[in-house]
**Student:** 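Dropping a structure here in structure tokens format, bear with me for questions.
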Amino acid sequence: MGLLAGKRVFSIVALCMMVGLLLLPVVVALPSLAIGEETHAGDAAKKDGDKIEKGRDVYYKTEGIVSGAPAPKTTDGVKDYPRYNFESRVLLWFANQQHLYYGSFVLAVPIFCMIIEFMGVVTKDKALAKRYDQLAYDFIKISLTAYSLTAILGGILIFTFLTLYPAFFSYLSGIFRPVMHIYALMFVAESGTLYIYYYGWDKMREGFLKWIHLSMSVVLNVIGTLLMFLANSWIGFMMSPAGVDEQGRYLGNIWHVIHTALWNPLNLHRILGNMAFGGGVVAAYAAYKFLASKTDEDRAHYDWMGYIAMALGVAFLIPLPFAGYWLMREVYAYRQQMGITLMGGLLAWLFIIQATMIGILFLCTNYYLWQAMGRMRGAEKYQRYIKYLVFLLACGFVVFITPHTMVMTPAELKAMGGQQHPVLGNYGVMSAKNGGINVIITTTVLSFVWYMRGNKVSTVSWAKFGNIFMGVFFGCAYFNIIFLAVYGYYIPANVRVGLSVPQVATTLSCLFFMFALNSVMMRGAKQMGAIEWGKISARSQYALIMLATAFTWMMALMGYIRSSVRLFWHVNEIMRDNSPWAYTHTVGFAANMISANVLFFWITILFVFWLGSLTAKKVPVESKAGIPGSVPQPAPSH
Amino acid sequence: MKALMSLGALIGVAGLLLLGGMTFGVIPSTTVRLVEGYMPIQLLLEIASYVIGFTGLSYMLSAMGMALPRFWQGIGFWIFLMLYLKFRVYPPIPFSVRAMYGTVGLVTVFMWVSANEEDWKKFKQPIMNVLDAQTGMNRLLRYVYLVLIPILIGGFSFNAMMPKSEEPIELRTVHPAPPASTKVHGKTYTLQTSQNPYRVNPEGKYDQEYSNANIVEQGMGRLMKPNANPWDEKNQGYLKYVREGGEIFFQNCHFCHGDNLNGRGLHAFAFNPIPANFTDPGTIAQLQETFIFWRVSKGGIGLPNEGFPWASVMPPWEQHLTVDEIWKVVLFEYWHTGYYPRTWD
């Protein structure tokens, strides 16, 4: 009893410490922020003989006291751009991308842990609760090694900046000086919290202590998310600077510098992207372990793990295109030229590749779900209709990836009679593409609904009506999406842009209403057979690996596109890039570079997985063979 | 059910015969016209009809005890798709796009035939039979493949490596990002905020809704709306400016951009690439009016760095036309094509 009370006190103290760690950077930084601003303003005033110079914010158009130096006008040479006998930009690209991969992974996985641990805490089925708890633990274990690698890569990134782009880095750190240390302290807080969370797992596995442990994961994720928001503010500033005047001089308001035009859409897009990526990587890990498994027990466990990771990743993948759409809208609103360069001009080809990757993600997801239906008895009734889903997906995909301006030889161009194909060119514009992606997502929702009811037969009295209603609802949704895509050609562009809202609303209605309706219909449903975990085909696991690879490739691609859109600016319209590498790479070079980054990441993450497996302990588990659909139990202790 | 499937089978057979005729050049691909204004959706509906037809055909063949093995169904569908893209759709689709669609088709067929274990086994069976080579025929086939596959791969490799004298393929940036502002005849125009001074209502105020209501109707034929004929001398204001713009267009632009503004003028095919097709929904319909004003004024020579490889022989019309004339010709282009200029409000 005394021991338990002691544990409780210890846990509460640990949680308070975490909250304290979370608040520490803010508390430490607040006075320094104030002092910093005064000192800066004071310095500026001193320089001008007590005359305070004011500047106008380039974005907010407010006036502020000039508190910093102007953006340096760099020249090509060793002073501003010291270099090895190699393209500095490529080195920085590599360091940055690797850091981002690991950063995303270690930010996403604790969110998964939080969700899964919560599911374990609230579920009434003890055996299932245990499985969830084990799964959450497996997840955090994977992320732990990746965490230190993230820090190492972060260090390498900073050194790369310092050694290869000193003028630029010095300017950027000057602007963000008030929050640089907050970032560092947040990192300390993140580390401390993560270690307490991880090592406290066994000691806090029951009752009240479990809730405390769960609360720790909330704190951990709040810190992680804030960290990411801060990092996003730097790239947001580089793309759409604010809080500085035309010369790039800091005007004393750090909130303006952070809260730039693109900060919020970037934050949302990155959170969703990280989650989808994290889910993909963990799913690939599970797939790899599944394929390497020697026993049915292991196969069942990793099959289940892969499914949960995939489901979580896809849950965040579905809203991702909409968040991307918002980001692009904000880019257009900020600078029309930037939007055109991205989607209609110089970088438009990369967007076609991106569309292909998005399509692959959804194809993989659907394929996995169809394969997963094979491990449940009773799902056969849906399988003969899969070919129609394949057709819908293929049509959506083809429309989504068709380029408006096609790659062709001059002879083909002449035969075609123009740069745009009169039939297929119509698929190349936004109206058709919105239709294409919404058809793909709605079909994915339909696949999920089929999967969820695969081995069940509804026993509610209104089951027939419910099924007809669902069918009609999906039918109307497809009709509405396609109708709006066609209608988009006949209305002005500004109205057409607005059509995406009812299209998205239609897709999301399918997602939320149909999932909810299906859940109600399947309450107390008759089970046709158990889910036989581990009996899934090997092809499904390759689909998961493909899913994760496509995520990593697309992430690198989009990072490159987002960075390239600044063209020859370090900080858009404020600080010019005068290095010899201020040009846009060819599509081929960029694709090779992205592939190299993806390959390196997967090699290193395999190493991380291997390290994680070294600490794994195999403990015999109680057999639940008698229970249909049971999954071998995870090890009761770590 | 059987009646429906029979109907489907009938559609399938008719479709296959039609496609066969087009493939062997017996029937021109324009026999079933792709109707302007409906072409993209028509294409998808045609393919959907084929899928329904094949379902019916497969059902009927099974019912007659002549079921087509899954392996040949998959291969057959992919071949159908490639033939359809090559011989049915006109004008011809560039190889790069057919390759993209072909790859998607291949993936799709794979997803279909391997969606469940039973289908996958059926699909693999002929391949496994050849690999196992239990019968004389399969053994023979295995040897044939052993010889043919390396020859095919070698042929493809040779073809890929062989130096070619064709002009290289260029990834052309058709719509480079415009500058923030442009200076024409000494006056600076901010592209994001400038407006066409001739897009006005009867009160003489800028009114896009009014002008939108008077443009030609899209769809088949692009017909003028009643009481919105710019060539009616009585019409003033917006329609009069459209008429003036039209006169300028037919004096200066139609030689290249064509009478129907579809980029097929008298001189069009002397250029590479041929001039812009304004009736395509991806050209002026996607752009702000000021973008067109900038492009017309500055021409090919004024393309920014981003407009690689600057393949345009369009003259900088500011050297030949006044600012008013440029705005009027832009007005006419939107009127004639039935498109609305892009706005950001």
Side-chain angles (χ1 to χ4, degrees), chain A residues 332-333 336-338 340-341 344-346 348-349 363 367 370-371 373-374 383 386-387 390-391 393-395 397-398 401-429 432 482 486 489-494 537 539 567 587, chain B residues 34 36 39-41 43-44 47-48 51 89 91-97 100-101 104-105 107-108 111-112 114-117 120 166-167 169 171-180 191-192 212 218 262-264 269 272-274 276-277 280-283 285-286 306 308 340 342-345:
Chain A
Y332 266 96
Q336 184 189 342
Q337 294 103 309
M338 204 180 247
I340 294 177
T341 300
L346 190 66
W349 289 105
L363 289 189
Y367 188 72
W370 303 333
Q371 294 299 310
M373 279 199 270
Q383 283 178 339
I386 283 174
K387 54 178 170 282
V390 174
F391 178 71
L393 282 172
C395 287
F397 189 35
V398 156
I401 63 170
T402 302
H404 182 235
T405 306
M406 295 163 179
V407 179
M408 56 195 148
T409 62
E412 285 177 324
L413 186 138
K414 282 193 177 159
M416 207 172 84
Q419 197 81 44
Q420 281 85 30
H421 194 281
V423 184
L424 304 180
N426 292 285
Y427 299 145
V429 293
I482 296 166
V486 176
Y489 287 94
Y490 297 94
I491 50 171
N494 59 333
S537 70
R539 296 190 301 286
L567 301 174
V587 175
Chain B
L34 289 166
E36 196 186 343
M39 292 183 293
I41 208 78
L43 202 73
L44 290 176
I47 297 176
V51 169
V89 186
I93 305 173
F95 175 76
S96 68
V97 179
M100 274 168 67
Y101 288 178
V104 172
V107 171
T108 305
M111 286 172 75
W112 162 43
S114 66
N116 62 65
E117 214 47 48
W120 181 233
E166 284 172 15
E167 285 179 69
I169 292 171
L171 293 179
R172 184 166 167 247
T173 306
V174 179
H175 302 310
L191 267 60
Q192 191 126 5
N212 286 351
Q218 277 190 64
N262 57 2
R264 297 179 181 211
F269 289 95
N272 178 19
I274 69 163
N277 170 8
D280 184 279
T283 56
Q286 295 292 320
E306 195 190 326
F308 177 85
Y340 311 99
R342 166 158 262 170
T343 51
W344 299 102
D345 49 26

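When reading the values below, keep in mind they use all heavy atoms of this one structure, side chains included, and skip hydrogens, waters and symmetry mates. In what follows, every chain begins at residue 1, and chains take the letters A, B, ... in the order their sequences are listed. Bear in mind the structure is a predicted one, so any value in this text is a computation, not a measurement.
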**Student:** Under 6.0 Å from the CZ atom of B:F95, do we count more than 12 heavy atoms belonging to anything else shown?
**Tutor:**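 12 or below, so no.
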**Student:** Given side-chain contact (heavy atoms from CB on, under 4.5 Å), test A:Y367 with B:V107 step by step and report yes or no.
**Tutor:** CA-CA 11 Å; A:Y367 188 72; B:V107 171; over 6 Å; no
**Student:** How long is the straight-line distance from OG1 of B:T108 back to OH of B:Y101, given to the nearest 0.5 Å?
**Tutor:**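 OG1 of B:T108 is found 12.5 Å from OH of B:Y101.
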**Student:** Measure the CD-CG distance between A:Q337 and A:L346 for me, rounded to the nearest 0.5 Å.
**Tutor:**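 If we round to the nearest 0.5 Å, A:Q337:CD and A:L346:CG are 13.5 Å apart.
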**Student:** Quick one: which of A:V423, A:T402, A:L567 has the most heavy-atom pairs under 4.5 Å with chain B, could you say?
**Tutor:**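 Counting heavy-atom pairs under 4.5 Å, the top option is A:V423.
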**Student:** Which of the residues A:M338, A:Q383, A:R539, A:M406 is involved in the greatest number of heavy-atom pairs with chain B at under 4.5 angstrom?
**Tutor:**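 Among the listed options, the one with the most contacts to chain B is A:R539.
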**Student:** Can you tell me which of A:V407, A:V429, A:V486, A:I482 forms the most heavy-atom pairs within a distance under 4.5 Å of chain B?
**Tutor:**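 Looking at each of A:V407, A:V429, A:V486, A:I482 in turn, A:V407 comes out on top.
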**Student:** For A:F397, which atoms come within 4.5 Å of any heavy atom of chain B: side chain, backbone, both, or neither?
**Tutor:**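 Side chain only.
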**Student:** Side chain, backbone, both or neither: which part of A:A348 has a heavy atom under 4.5 Å from chain B?
**Tutor:**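 Contact with chain B: none, neither part.
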**Student:** Quick check for you: among B:V104, B:N262, B:D280, B:L34, which has the greatest number of heavy-atom pairs under 4.5 Å with chain A?
**Tutor:**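 Max contact count across the listed options: B:D280.
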**Student:** If I compare all heavy atoms of B:P179 with all of B:L191, which pair ends up nearest, and what's the gap?
**Tutor:**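 Closest approach of B:P179 to B:L191, heavy atoms only: O-CD2, 3.5 Å.
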**Student:** Highest number of heavy-atom pairs under 4.5 Å with chain B: which of A:I401, A:V398, A:L393, A:T409?
**Tutor:**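 The option with the most such pairs is A:V398.
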**Student:** Under 4.5 Å from any heavy atom of chain A, what part of B:A276 do you find: side chain, backbone, both or neither?
**Tutor:**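 B:A276 has no heavy atom closer than 4.5 Å to chain A.
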**Student:** For the CD1 atom of B:I93 and the CE atom of B:M100, what is their distance to the nearest 0.5 Å?
**Tutor:**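 Reported value, rounded in 0.5 Å steps: 11.0 Å.
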**Student:** Go through the atoms of A:L363 and report whether side chain, backbone, both or neither lie under 4.5 Å from a heavy atom of chain B.
**Tutor:**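 Contact with chain B involves both backbone and side-chain atoms of A:L363.
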**Student:** Who among A:P403, A:A415, A:G374 has the most heavy-atom pairs with chain B under 4.5 Å?
**Tutor:**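 Heavy-atom pair counts peak at A:A415.
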**Student:** Which one of A:A333, A:P422, A:A394 has the most heavy-atom pairs closer than 4.5 Å to chain B?
**Tutor:**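 The option with the most such pairs is A:P422.
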**Student:** So which part of B:N116 gets closer than 4.5 Å to some heavy atom of chain A, the side chain, the backbone, both or neither?
**Tutor:**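 Interface part for B:N116: both.
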**Student:** Looking at B:G263, B:P92, B:A180, which one has more heavy-atom pairs under 4.5 Å with chain A than the rest?
**Tutor:**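 If we count pairs closer than 4.5 Å to chain A, B:P92 comes out on top.
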**Student:** Locate the shortest heavy-atom distance separating A:S537 from A:Q371; write the atom from each residue and the value.
**Tutor:**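 Minimum heavy-atom separation between A:S537 and A:Q371: OG-OE1, 2.6 Å.
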**Student:** Looking at side-chain heavy atoms only, is the closest gap between A:M373 and A:I386 below 4.5 Å?
**Tutor:**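 In contact.
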**Student:** Got B:M39 and B:L43 here, is their nearest side-chain heavy-atom distance under 4.5 Å?
**Tutor:**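 No - every pair of side-chain heavy atoms lies 4.5 Å or more apart.
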**Student:** Less than 4.5 Å to any heavy atom of chain A: does that hold for the side chain of B:P176, its backbone, both, or neither?
**Tutor:**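 It is the backbone, since no side chain atom gets that close.
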**Student:** For the atom pair CE (A:M408) and CE (A:M416), what is the distance rounded to the nearest 0.5 Å?
**Tutor:**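 So the CE of A:M408 and the CE of A:M416 are separated by 3.5 Å.
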**Student:** Heavy-atom cut-off 4.5 Å, strictly under: side chain, backbone, both or neither for A:H404 against chain B?
**Tutor:**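 The answer is the side chain of A:H404.
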**Student:** Need one label for A:L413: side chain, backbone, both or neither, based on atoms under 4.5 Å from any heavy atom in chain B.
**Tutor:**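 When you check distances to chain B, only side chain atoms of A:L413 fall under 4.5 Å.
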